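Quick notes on the structure that follows.
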Amino acid sequence: MQNDDFFDSEEFRDLLAEYEEAMRSGMPLFMDADELTDIADYYQQQERYDDALAAVDLALEREPGAIGPLTYKIHEALWAGNIDEAKEYLAQISDTDEPDYVYDKAEIMLAEEHPDEANRYLRNELKNVPPEEYQDYVIDVANIFADYNYPEQAMQWMARAKQEDSPEFKELKARTLFGLGKYQDSEKLWGELIDVDPFSKHYWNALASTQFMNENYSASVESSEYAIAIDPDDPDGLLSKATALYRLNNYEEALKYFERYSEHVPDDEFGLMNQGTSLINLGRNDDAIAKLNEALYVAPPDSEYLGDIYQELAFAYSEAGNDEEALRMLDKADEHDADKVQTLVVRGHIMLASGQVRRAEGFFRKAVVESDTPNETLLRIIVSIYDNHFLEAAYTLFRKFFQIIPDDFGQGYAYMALVCYDLKHYDEFLHYLKTACLLNPQECKTALGHLFPDEVEPKDYYVYIKDRMTN
């Protein structure tokens, strides 16, 4: 697929104008399959999918075995999950010596989740690559593995390449480092790319995503704002800002940006679901239920978010006092392979809210036993107990919790500070607040942000309190 620079070039604009004039007038069109495929790629980028398909079909009508339009068809089939259809298109390619044929065949293997087989095939084909094409081949292969979320293999192929200072190479490396979880290294490269091209919304959105994964949510908001300034209607920028604002507990602003995102992508259940969760956090449970049901309506039957939507509906119904409907939603969540442990915690929360303490204990105990991360699960349970106003029980459980967790766990201290604050155990409040500020400022913001002015950084909460006490 061609890049944006090509589509912005005078050469392509003339090509597109010639094609569109021929389509309007019915005049003869003298273009080969590759040129028509470039036009199809452009239309696809503009989300003009019918026009893209028409250009590809015309290309295949003129050159039935042409690799360009058939590669387009293969990608469309793989995107739709139709692997057998992709194989049928692959079999129609006449020139099997072309690199694109090798790439297409490898992509089908990756779509079938056979990365080792693809790697062996691509290594074997490397023997047939002329020396002057070696660099392009290994970079193309690294890109393919990165696209299919196999960052380890992508990095291995990048290691074969001569290191470049080009934007394309840096972007590939930044994406691969992101996939490997090396967010700081990835962030540095996105920053270097932005220094060269500060008006690329793609770079700003990528930087925002990297900062989000590194839990630097304030910086993520700022980066997404640059993307939105470049293109106010950019869905990626709007969604990035919304999710980061949500993590900063700024639910009112997050809701606005989730709504703006849904205006541009109305059939995306993810945006609607997050509107619902924002509304729950704002205490607007009836509105949340309506929005979450809207998310269910637009979600396809195989949506990965169905379990999450039903869980959020359960929580909203519980907060609205409708425990029967809340439990029915949890049953639905279980049917859609929702996080089993999270469902058990929510069931326990609902039982506790309705005064059924023993049943709640049963669900909580089962959640801890079945959890792969029992310390995190136990923390969620204690917070649930606190949210249901069992302050003394939460305090006692936290005391035991801190005796069993490893020294580097770093979670729960801000919530314990909140419990101590509500119980007026002010010396302990200061002790746990100091620890929380050192170990987990983001948790401080989540648990204690409502006690402090917005301009105070979470890491400075303890210093802020001590200064006020001194003064």
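Being a predicted model, the structure only gives us computed values, none of them experimental.
Ion pairing between a basic and an acidic side chain is recognised when a charged N comes within 4.0 Å of a carboxylate O; Arg284 and Asp287 show such pairing. A salt bridge does not link Asp387 to Arg380: none of the charged side-chain nitrogens sits closer than 4.0 Å to a carboxylate oxygen. Between Asp236 and Lys201 there is no salt bridge, since none of the side-chain N atoms of the basic residue sits less than 4.0 Å from a carboxylate O of the acidic one. Glu192 has a carboxylate O that lies under 4.0 Å from a charged side-chain N of Lys170, or vice versa, which qualifies the two as a salt bridge. Lys73 has no carboxylate O lying under 4.0 Å from a charged side-chain N of Glu76, or vice versa, which leaves the two without a salt bridge. Using a 4.0 Å cut-off between a side-chain N of Lys or Arg and a carboxylate O of Asp or Glu, Glu253 and Lys256 qualify as a salt bridge.
Contact check for Glu457 versus Pro441: no side-chain heavy atoms found under the 4.5 Å cut-off. Within the 4.5 Å cutoff, the side chain of Lys87 has no heavy atoms near those of the Lys105 side chain. Annotation: side chain of Thr243 is in contact with side chain of Phe258 (closest heavy-atom distance under 4.5 Å).
Between the side chains of Glu376 and Ser371, no donor N or O sits under 3.5 Å from an acceptor N or O. With hydrogens and angles left out, the side-chain atoms of Tyr261 and Asp268 include a donor and acceptor closer than 3.5 Å. Checked by atom type, the side-chain pair Asp104/Thr71 shows a donor-acceptor distance below 3.5 Å. Tyr462 and Lys434 share no donor-acceptor pair across their side chains, judged by distance under 3.5 Å alone. With hydrogens and angles left out, the side-chain atoms of Ser240 and Ser224 include no donor and acceptor closer than 3.5 Å. Asp185 and Tyr183 form no side-chain donor-acceptor contact under 3.5 Å, judged by distance and modelled atom types alone.
Proximity of the aromatic rings of His349 and Phe315 is defined here by a centroid distance below 6.0 angstrom, and this criterion is met. The aromatic ring centres of Phe398 and Tyr415 sit 6.0 Å or more apart. Checked against the 6.0 Å centroid threshold, Tyr395 and Tyr386 do not count as a close aromatic pair.
Shortest non-hydrogen contact noted between Tyr317 and Asn293 is OH-ND2, 4.0 Å. Of all heavy-atom pairs spanning Thr343 and Asp334, the tightest one is CG2-OD1, 3.3 Å. Contact record, Tyr203 with Pro167: OH-CB, 3.9 Å, taken as the closest heavy-atom pair.
By the 30° and 60° cut-offs, the orientation of the rings of Tyr464 relative to Phe452 is perpendicular. Aromatic ring pairs are classed by plane angle as parallel below 30°, tilted from 30° to 60° and perpendicular above 60°; the pair His202 and Trp190 is perpendicular. Using bins of under 30°, 30° to 60° and over 60° for the plane-to-plane angle, the ring pair Trp157/Phe145 lands in the parallel bin. The aromatic rings of Phe402 and Tyr432 sit parallel to each other, their planes meeting at less than 30°, with 60° as the upper class boundary.
Thr176 contributes no side-chain N or O that, together with a main-chain N or O of Ala154, makes up a donor-acceptor pair within less than 3.5 Å. A distance-only check finds no donor-acceptor pair linking the side chain of Gln211 to the backbone of Ser223 [under 3.5 Å]. The main-chain N or O of Thr210 is never found under 3.5 Å from a side-chain atom of Asn214 such that the two would form a donor-acceptor pair. Side chain of Asp460 to backbone of Val463: no donor-acceptor contact under 3.5 angstrom is found.
Partner of Tyr217 under the side chain to side chain donor-acceptor pair (under 3.5 Å) criterion, out of Gln442, Arg247, Lys445: Arg247 alone.
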*Applying salt bridge (charged side-chain N to carboxylate O under 4.0 Å, His left out), run through Lys332 and Glu325 and close with a yes or a no.*
CA-CA 11 Å; Lys332 288 281 190 180; Glu325 191 65 11; over 6 Å; no
*Evaluate the criterion salt bridge (charged side-chain N to carboxylate O under 4.0 Å, His left out) for residue pair Arg328 and Asp323; output intermediate values, then yes/no.*
CA-CA 9 Å; Arg328 192 174 76 84; Asp323 292 341; over 6 Å; no
